[in-house]
There are 2 protein chains.
Amino acid sequence: MVATRRAQMVEETRARLIRAARAAFATQGYAAASMDELTAEAGLTRGALYHHFGDKTGLMQAVVAQIDAEMATRLAEVRDRAPDAWQGLLDESVAYIEMALEPEIRRIMLLDGPAVLGDPSRWPSQNACLRTTTQTIQGLMDQGIVQRLDAEATARLLNGAALSAALWIAAAEDPPAVLAKSIQVFRNLATGLLRPAEGAG
Amino acid sequence: MVATRRAQMVEETRARLIRAARAAFATQGYAAASMDELTAEAGLTRGALYHHFGDKTGLMQAVVAQIDAEMATRLAEVRDRAPDAWQGLLDESVAYIEMALEPEIRRIMLLDGPAVLGDPSRWPSQNACLRTTTQTIQGLMDQGIVQRLDAEATARLLNGAALSAALWIAAAEDPPAVLAKSIQVFRNLATGLLRPAEGAG
DNA sequence: ACAATTGACATACGCCGCGTATGTCGCCAG
DNA sequence: CTGGCGACATACGCGGCGTATGTCAATTGT
């Protein structure tokens with residue numbers, strides 16, 4: 001397989017560019033990041049970048065996809081460690097909030113991403129992360145633990161609440177305290193999804 | 001009052017620039033909007049813009065502040081029309097979701113705003129809108145209708161859920177249907193905040 | 001009433017950054 | 001061994017932001 005050797009070189013180049021772009025986008029922001037600088041950081045020039053990714057947004061898309069895949073993996077691990085599905089949902093949400101505190105994720109995925117690539121709903125990658133949550137919720141509904149609602153809508157609103165909490169925490173003076181408050185509220189919100197024991201409402 | 005006359009001219013100029021900027025930012029996005037074009041649209045040049053707003057982000061800040069003030073007013077009206085505070089909170093949230101469907105608000109406040117000005121938590125204007133919601137919730141807690149939690153955290157998470165719903169709806173093929181689903185889920189989430197009748201959990 | 005000053009803009013310039021067009025070099029096919 | 005293709009580097013143009021400079025009207029002090 002000599003052709004594979006060639007393809008590996010290409011993958012290596014793409015990986016180097018994406019790595020440099022992640023660092024540049026995370027620290028300077030998408031708009032302020034210079035493609036000359038980040039390609040030089042990767043030991044290449046803008047020629048390689050445009051050859052592989054088309055334009056700056058193409059590079060951003062690749063970066064977003066990579067980070068999103070990592071997030072999905074990490075969230076799945078958290079979910080699988082939980083004793084039951086409901087607890088898994090809660091743990092996963094808390095983990096999501098905590099991940100959103102990481103500067104790279106916050107800046108690229110939460111701040112610049114929507115402005116550059118449009119609504120996250122449209123990102124194919126985001127759907128991967130969200131779809132698993134949706135399935136978890138669907139499972140809880142099928143088990144009769146959670147009320148029958150639209151599973152995707154439920155996943156999205158829970159996700160939005162967690163996201164908002166994360167942004168708030170990241171900007172707070174005392175992040176741990178704000179994190180604790182947020183988790184408390186999040187748990188209560190989620191409780192509203194549970195099927196009432198009986199005769200409630 | 002001759003000095004007032006002068007000040008009025010200035011206000012008129014600022015208003016014209018902000019109006020043109022709102023249109024340009026809403027239709028083309030912040031990054032793609034050219035300051036030459038939007039100032040020309042206002043019958044002025046970039047000189048006036050830099051004189052009054054310092055730089056492009058200064059103009060964005062002014063635009064965001066204006067829109068946010070309008071949103072706060074509209075939300076207050078909705079809240080005041082409700083028969084009680086709890087219903088007011090729900091109505092206000094639904095109104096927020098619906099407002100986020102307007103292209104101008106969506107593009108400027110939800111997509112570009114965070115990327116340009118940083119976390120919305122930091123915007124002084126956003127706090128105005130959020131503070132009233134926080135007070136509404138605090139009142140509900142004092143009345144014993146809502147569980148005692150951190151009022152600001154509650155307001156922020158509810159807001160985040162609504163925001164997420166709005167972005168989703170705006171990108172959906174069938175917005176009305178998705179809107180209905182979202183409101184349904186939102187109501188359930190909010191119910192989790194209510195004080196349990198008794199002996200629950 | 002008049003000169004000096006300040007403020008509200010317009011004009012002109014430089015710099016940077018993106019995108020593209022063009023060139024070069026190595027690898028594989030025939 | 002040679003022709004073509006893919007993976008880059010290099011060179012160029014265009015547009016946009018920010019700033020420095022200029023101009024004119026309005027205001028103030030006397």
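The chains referred to below are lettered A, B, ... by the order of the sequence lines, with proteins before strands, and numbering in each begins at 1. Computed from a predicted model, the values in this text were never measured in an experiment. All heavy atoms count here, side chains included; hydrogens, waters and symmetry mates do not.
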Review point. Considering only D:dG16, D:dC8, C:dC9, which nucleotide approaches the side chain of A:H51 most closely?
Key: D:dC8
Practice item. Can you sort out the partners of B:Q87 under side chain to side chain contact (heavy atoms under 4.5 Å, CB included), two or more places apart, ordered by chain and number? Key: B:A82, B:P83, B:D84, B:L90, B:D91, B:R187
Can you name the atoms? Protein N/O to nucleotides 19-24 of chain C N/O, anything below 3.5 Å, with the distance.
residue : atom : partner : partner atom : Å
C:dG19  : OP2  : A:Y50   : OH           : 2.6
C:dG19  : OP2  : A:K56   : N            : 3.3
C:dG19  : N7   : A:R46   : NH2          : 2.5
C:dG19  : O6   : A:R46   : NH2          : 2.3

Review point. Who passes side chain to side chain contact (heavy atoms under 4.5 Å, CB included) against A:D68, sequence neighbours left out?
Key: A:M109, A:S125, A:Q126, A:C129
Practice item. List in chain and number order the residues that pass side chain to side chain contact (heavy atoms under 4.5 Å, CB included) with B:T45, two or more places apart in sequence or in another chain; answer none if no residue qualifies. Key: none
Revision key, fill the gap. From CZ of A:F53 across to P of D:dA7 the rounded distance in Å is 12 Å
**Study point:** From C:dC18, C:dT11, D:dC17, nucleotide with atom closest to A:S34 side chain
**Key:** C:dC18
Exercise for review: Grab the CG-P distance between A:D36 and D:dC12 for me, whole Å please.
Suggested key: 15 Å
Check your understanding: Can B:D55 and B:T57 be said to form a side-chain hydrogen bond (donor to acceptor under 3.5 Å, both in side chains), step by step?
Key -> CA-CA 6 Å; B:D55 63 353; B:T57 68; 3.0 Å; yes
Review point. Charged N to carboxylate O under 4.0 angstrom, A:R156 versus A:E152?
Key: yes
Exercise for review: Give the rounded distance in Å between these two atoms: CZ of A:R14 and P of D:dG6.
Suggested key: 16 Å
Check your understanding: A:L38 has an atom CG; how far is it from atom P of C:dC16, in whole Å?
Key -> 17 Å
Exercise for review: Indicate whether OP1 or OP2 belonging to D:dA7 is found under 4.0 Å from a side-chain N or O atom of A:H52.
Suggested key: no
Review point. Roughly, in whole Å, what's the span from CG in B:L59 to P in D:dG18?
Key: 11 Å
Check your understanding: Can you name the side chain to side chain donor-acceptor pair (under 3.5 Å) partners of A:N159, sequence neighbours left out?
Key -> none
Point to revise | Side-chain N,O (B:T13) to OP1/OP2 (C:dC9) below 4.0 Å | key: yes
Practice item. Tell me, please, which residues at least two apart from A:T132 pass side chain to side chain donor-acceptor pair (under 3.5 Å). Key: A:R79
Revision key, fill the gap. Taken to the nearest whole Å, CZ/A:R16 to P/D:dC8 is 9 Å
Review point. If you check the B:A48 side chain, which of D:dG16, D:dA9, C:dC9 turns out closest?
Key: C:dC9
Practice item. Determine the contact category for B:A33: base if any of its heavy atoms lies under 4.0 Å from a base atom, sugar-phosphate if only primed atoms, P, OP1 or OP2 are that close, otherwise nothing. Key: sugar-phosphate
